[in-house]
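Count residues from 1 along the sequence. Worth saying up front: this structure is predicted, and the values here are computed from it rather than measured.
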Amino acid sequence: MKFTIEDIRKQFNERHYILLDEEYINQRQTMHFICEKHKEYGEQTIVYANFKYKHNGCHFCAQEKFQEKQRTSVEEVKRLTEEKGLIFV
């Protein structure tokens, strides 16, 4: 199925990105966008196939998601501390 630029724009909008391109050629094309959450970082680029099939997107959103996964909650730290017979302060 051949996508139109409006199809592509809708997909970007669904992920809260502002598509800057006015033409779509093929899935190997580098697309230019701005993340609505990270506007201060300006324009970003992504190959459309990576956006569509690998679900890649905003570099800064990905960093935040990774950092959140790495974070240990206070409750978990407290539980681990008490398991070792220590006092959580």
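- Shown here are the side chain to side chain contact (heavy atoms under 4.5 Å, CB included) partners of Lys69, two or more places apart in sequence or in another chain: Lys65.
- Here His32 contributes atom NE2 and Leu19 contributes atom CG; the two are 10.0 Å apart, rounded to the nearest 0.5 Å.
- The ring-ring contact (aromatic ring centres under 6.0 Å, His included) search around Phe51 returns Phe12, not counting sequence neighbours.
- The heavy-atom pair separating Lys2 from Asp7 by the smallest distance is O-OD2, 4.4 Å.
- Contact between Gln44 and Cys35 at its shortest, heavy atoms only, is NE2-CB, 3.8 Å.
- In this structure Glu68 satisfies the salt bridge (Lys or Arg N to Asp or Glu O under 4.0 Å) test together with Arg71, sequence neighbours excluded.
- Not counting sequence neighbours, the partners of His59 by the side-chain hydrogen bond (donor to acceptor under 3.5 Å, both in side chains) test are Gln63.
- Of all heavy-atom pairs spanning Val47 and Gln27, the tightest one is CG1-O, 3.5 Å.
- Not a single donor-acceptor pair under 3.5 Å links the side chain of Glu76 to the backbone N or O of Thr72.
- Residues passing the salt bridge (Lys or Arg N to Asp or Glu O under 4.0 Å) test with Glu75, sequence neighbours excluded: none.
- Annotation: side-chain hydrogen bond (donor to acceptor under 3.5 Å, both in side chains) contacts of Thr30 (sequence neighbours excluded): none.
- Other cluster members for Phe60: Tyr41, joined by side-chain heavy-atom distances under 4.5 Å among Ile, Leu, Val, Met, Phe, Trp and Tyr.
- Take Lys52 and apply the side chain to side chain contact (heavy atoms under 4.5 Å, CB included) test, not counting sequence neighbours, and it matches Phe3, Gln11, Tyr48.
- Residue Ile18 belongs to a hydrophobic cluster whose other members are Leu20, Ile34, with links defined by side-chain heavy atoms closer than 4.5 Å.
- Identified under the salt bridge (Lys or Arg N to Asp or Glu O under 4.0 Å) test for residues 20-33, with sequence neighbours left out: Arg9-Glu22.
- Residue Cys58 holds its SG atom at 12.0 Å from NE2 of His16, rounded to the nearest 0.5 Å.
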Without placing hydrogens or testing angles, list every side-chain donor-acceptor pair under 3.5 Å for residues 81-89, not counting sequence neighbours.
from  : atom 1 : to    : atom 2 : distance (Å)
Thr81 : OG1    : Val77 : O      : 2.7
Glu83 : OE2    : Arg79 : NH1    : 2.1

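- Atom CG of Asn13 and atom CD1 of Ile8 lie 11.5 Å apart (nearest 0.5 Å).
- The list of salt bridge (Lys or Arg N to Asp or Glu O under 4.0 Å) pairs with a residue in residues 35-45, not counting sequence neighbours, reads Lys37-Glu64.
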